Trainee: 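Have a look at the structure that comes next, please.
Note that the coordinates shown come from a computational prediction; the quantities given were computed from them, not determined experimentally. Because only heavy atoms are used, hydrogens play no part in the values below, and waters and symmetry mates are left out as well, while side chains stay in. In what follows, chains are A, B, ... by sequence order, proteins preceding strands, each numbered from 1.
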Amino acid sequence: SAMGPGCWRAVSSYSSPQVVVVRDGRLGTAYRALQLLVLLYFIGYVFIVQKGYQERETGPESSVITKVKGVTQSPSKVWDVGEYVDPPEGGSSFSILTRVEVSAAQAMGTCHEVSMGHRAGCCQDCVSGTMDASQHGVRTGHCVPWGSGRSCEVLAWCPLHVGSNSPHLGVPSLAEMAAQFTILIKNHIRFPRFGFSKANIQAAESHYLKSCTFNATSALYCPIFRLGFLAEQAGEDFAVLAEKGGVIGVIISWDCNLDLPEMECNPRYSFRRLDPKGALASPGYNYRFAKYYIWNGTCTRVLTKAYGIRVDVIVQGQAGKFSLIPTVITLGSFLCDWVLLCCMDKERRYSSRKYEQVPVG
Amino acid sequence: SAMGPGCWRAVSSYSSPQVVVVRDGRLGTAYRALQLLVLLYFIGYVFIVQKGYQERETGPESSVITKVKGVTQSPSKVWDVGEYVDPPEGGSSFSILTRVEVSAAQAMGTCHEVSMGHRAGCCQDCVSGTMDASQHGVRTGHCVPWGSGRSCEVLAWCPLHVGSNSPHLGVPSLAEMAAQFTILIKNHIRFPRFGFSKANIQAAESHYLKSCTFNATSALYCPIFRLGFLAEQAGEDFAVLAEKGGVIGVIISWDCNLDLPEMECNPRYSFRRLDPKGALASPGYNYRFAKYYIWNGTCTRVLTKAYGIRVDVIVQGQAGKFSLIPTVITLGSFLCDWVLLCCMDKERRYSSRKYEQVPVG
Amino acid sequence: SAMGPGCWRAVSSYSSPQVVVVRDGRLGTAYRALQLLVLLYFIGYVFIVQKGYQERETGPESSVITKVKGVTQSPSKVWDVGEYVDPPEGGSSFSILTRVEVSAAQAMGTCHEVSMGHRAGCCQDCVSGTMDASQHGVRTGHCVPWGSGRSCEVLAWCPLHVGSNSPHLGVPSLAEMAAQFTILIKNHIRFPRFGFSKANIQAAESHYLKSCTFNATSALYCPIFRLGFLAEQAGEDFAVLAEKGGVIGVIISWDCNLDLPEMECNPRYSFRRLDPKGALASPGYNYRFAKYYIWNGTCTRVLTKAYGIRVDVIVQGQAGKFSLIPTVITLGSFLCDWVLLCCMDKERRYSSRKYEQVPVG
């Protein structure tokens, strides 16, 4: 039980036991030290550190709305927010493309298998119905001439697009200007138990928000982050990150003592690389997506292998507020311990007058 | 320790101390009150409120599948579920478009910068390589004639689309019929520790589900919500919400006492506006997405600024079930406290016959 | 309090009470049993099972990157990863299409309502401005000839696509080869309190990862799962699952004792069907999405009703590590209980020499 059975005993010990009083200086000191320890434990640890008088709630209801701004340029085109953000809905997890490998226009048909790491002109494993090495097509089983040799014919979106070996429209790096993209993260949390809610944007700061940018030291209520700043805070080199792709976590922590004024409950931001970096088997972050067109009457697609920085916004938080039940239980527990110690002290004093004394055995 | 060291002492006090019995009516009453308090504390708080005999699990495994139905009409077109739901995969977070600003068909090229809040015909900051004010294009540095004055030339998807100032195909409101859209939310939870799972749809109600709609008072196992109902329950005006966009949380709570029959474990629904409303810096919810076409041989896109109602389905829950270990610990703790109190009572009775009595000092 | 008031009392009981020593063999045995119980409770339950000397953290920061590989074939086309994975971003929740109902090319216009379950040629409820039965169009109010009878005219994307009754390009099943698709799940977790992070891929295994496949008995650090394996482990028949659609949860559990070497902290995988199966009202998992084309100068869309297997990757975990504060509190609690028991034993021994003895009443 929270109050401890010993406590009840202490309060109820109106039948005080006859005591054999041991006169020992060291024990007297130990007794005072013990009183101090109990006091420190309750006041320091239970009350101040653990806030034993508060009801607590973790995991607030949260909503995140994000909006990216900025524009960048590759040799062939201009990339605005409609081009490089995916998915576009402004949720808590989105990717900003930083490098793309765009395939040539592909149509359904047959073409030769692109051999990777094999000798050119070799028709290995050319069995009808099996997958080709790039896992994008189905082999027909025909061995067709290709360059100076022969290659297996595949039924697929042709021509095949296999990484950087394949014909593509260029591998533009969007990284240079991408570091200047800004990400607005609107976060609103609510602790349902306390009916308390707060946003990381302040109502009065409409004008301020048009020009501000977040930095680590000031600008607490300006949740507009430069992409380069996120990478830097996460300890990453932006150019490398943009080349290989990666996941950056923006962790918003709300640690609120609701006994204080509302203005003391503020978000705290931290930034971390979430995917494993280094010499891993399959490093970085990339994915493929297709866009479809009707071109000269046939259905055509362009497949893009996109390297990007995925931003995951993670919201966590806890709130505490004074509440009667935990206070009564914690205070009761403390008072009982205290009374117990004091009573024993008293007992000792008056019993020492009345009863026999024995030497310490 | 859960059982309290005082408890062990009480059970083990077969060497009963000689007691100085204090005869005092008030103390006797206090002693009885104490017994009552311990009884109330354990039976009322620990057993009934905290269910100290149960093993508990929070945060069930959960899956959410959503499906929207309905159709609405703008002057230029009919919007069915393939048009206004994004993303379409039927996950736990999706947007229903309620207002769109559709750009004219855009192609990569150069056009004049659209000045916002600046004097028309002014070539401010027209430096090559910098972003234009709308952050959709890159300035070429050329100051070109525009209307009666001049404007900076930008390389971008042209013509630029800048909010309601830009040429677009109309700003149709989809709000009127959107309130009648229905959202089916299939939720299935599982508490792995207890091997218990339940869905918010009942197997027998196949036919019922075709015609029912959720309302606050009945229809517990009919998780089909009108979009207008969600807004109303969240305390929002649907027309305003649809105009500016916003995030509505559908919170499904499972609070299950698995010692009772399965039919006592039911979902509870609550609805809340999750994003901050009011005079905020950046109110509401909107985002931009592009669709791509080949038009007259050139790649063309249509950029849509979409205002919508994002629905976030949040599932939470806890379950408790009788288990031996917490029961033994809680019961042990209670019994010890009780035995302690009773024993002391007994001790007093028989010791009062035998030992000397002292007045209260 | 964690240490229990009875504990303080025991340590501070240098004023030892005079005891009435009860000589009883059964009580002596009970006393030894009690000592054993306390020892077992602390050493077995509090220290070994509950690891009372550790600070704990649950809910690690986690990032998931997924990548699907494989190719399948329908009569009309080859499906590679760009076609059957949706959304393509490689997040923790994605669908693999296993069956599609593709509509004919649709354009905005008027066509006849497709009656479902009604008598053909019946113009029921043909009121202007109301929805048609399939909820894809708006009725114009005109009753037009259709086949041998009449049908209500609707303004919609025409022709209407209503399930398997509607004209479509075929219902190819992708299931046969889909079971061979492989899913790479890269997971990286971090316990911020302990500054500990680990991935489910090991740096040294780059080559191994190119050829391995996960199986239940070995291949712990090869998180490459065949889709058929996931279904099998979740206890589902792949063909049925692919036909109707469903949600498979891949649950990755990290239960780490950080006092042991890092190599003892390993992921554990479990697989479960997350959506309710069986004779439910609205079984399985499917959704609709549209692709848009310009065809002969008019905007055309193809609507696809996609049945698929949604894979939800759920990461959970807890870590514990030796920490001073919980150790001091737990150890203190144990030592006090122990000292208490031992002291009482001692007291008994020397008090038995000195004081009067009474028979058990």
Trainee: Tell me, out of A/A290, A/G137, A/G52, who's got the most heavy-atom pairs with chain C below 4.5 Å.
Mentor: A/G137
Trainee: So, using side-chain hydrogen bond (donor to acceptor under 3.5 Å, both in side chains) as the criterion, who are the partners of C/K198 when residues are at least two apart?
Mentor: C/Y221
Trainee: If you tally heavy-atom pairs under 4.5 Å against chain C, which of A/G109, A/G297, A/G249 wins?
Mentor: A/G297
Trainee: Considering only heavy atoms from C-beta outward, does the side chain of C/T300 approach that of A/I294 to under 4.5 Å?
Mentor: no
Trainee: So which of C/K69, C/E61, C/H188 has the largest heavy-atom pair count under 4.5 angstrom toward chain A?
Mentor: C/H188
Trainee: Is chain A contacted by the side chain of C/T66, its backbone, both, or neither, given a heavy-atom distance below 4.5 Å?
Mentor: neither
Trainee: Chain A heavy atoms under 4.5 Å from C/V64: which part of the residue, side chain, backbone, both or neither?
Mentor: backbone
Trainee: Check this for me: A/R268, atom CZ, are more than 12 non-hydrogen atoms of other residues, nucleotides or ligands nearer than 6.0 Å?
Mentor: no
Trainee: What part of A/L155 is in contact with chain C, defined as an atom under 4.5 angstrom from a non-hydrogen atom: side chain, backbone, both or neither?
Mentor: both
Trainee: Given a strict heavy-atom distance threshold of 4.5 Å, which part of C/I325 is in contact with chain A: side chain, backbone, both, or neither?
Mentor: side chain
Trainee: Check whether any side-chain heavy atom of C/T58 sits under 4.5 Å from a side-chain heavy atom of C/Q316, and report yes or no.
Mentor: no
Trainee: Establish, from distance only, whether the side-chain atoms of A/D255 and A/S253 form a donor-acceptor pair under 3.5 Å.
Mentor: no
Trainee: Report all side-chain donor-acceptor pairs from residues 81-96 of chain C shorter than 3.5 Å, counting only partners two or more places apart or in another chain.
Mentor:
unit_1	atom_1	unit_2	atom_2	d
C/E83	OE1	A/Y292	OH	3.2
C/E83	OE1	C/K77	NZ	2.7
C/E83	OE2	A/W157	NE1	3.2
C/E83	OE2	A/Y292	OH	2.6
C/E83	OE2	A/R301	NH1	2.7
C/Y84	OH	C/G70	N	3.4
C/Y84	OH	C/G70	O	2.8
C/D86	OD2	C/Y287	OH	2.8
C/S93	OG	C/D312	OD1	2.8
C/S95	OG	C/Y285	OH	3.0

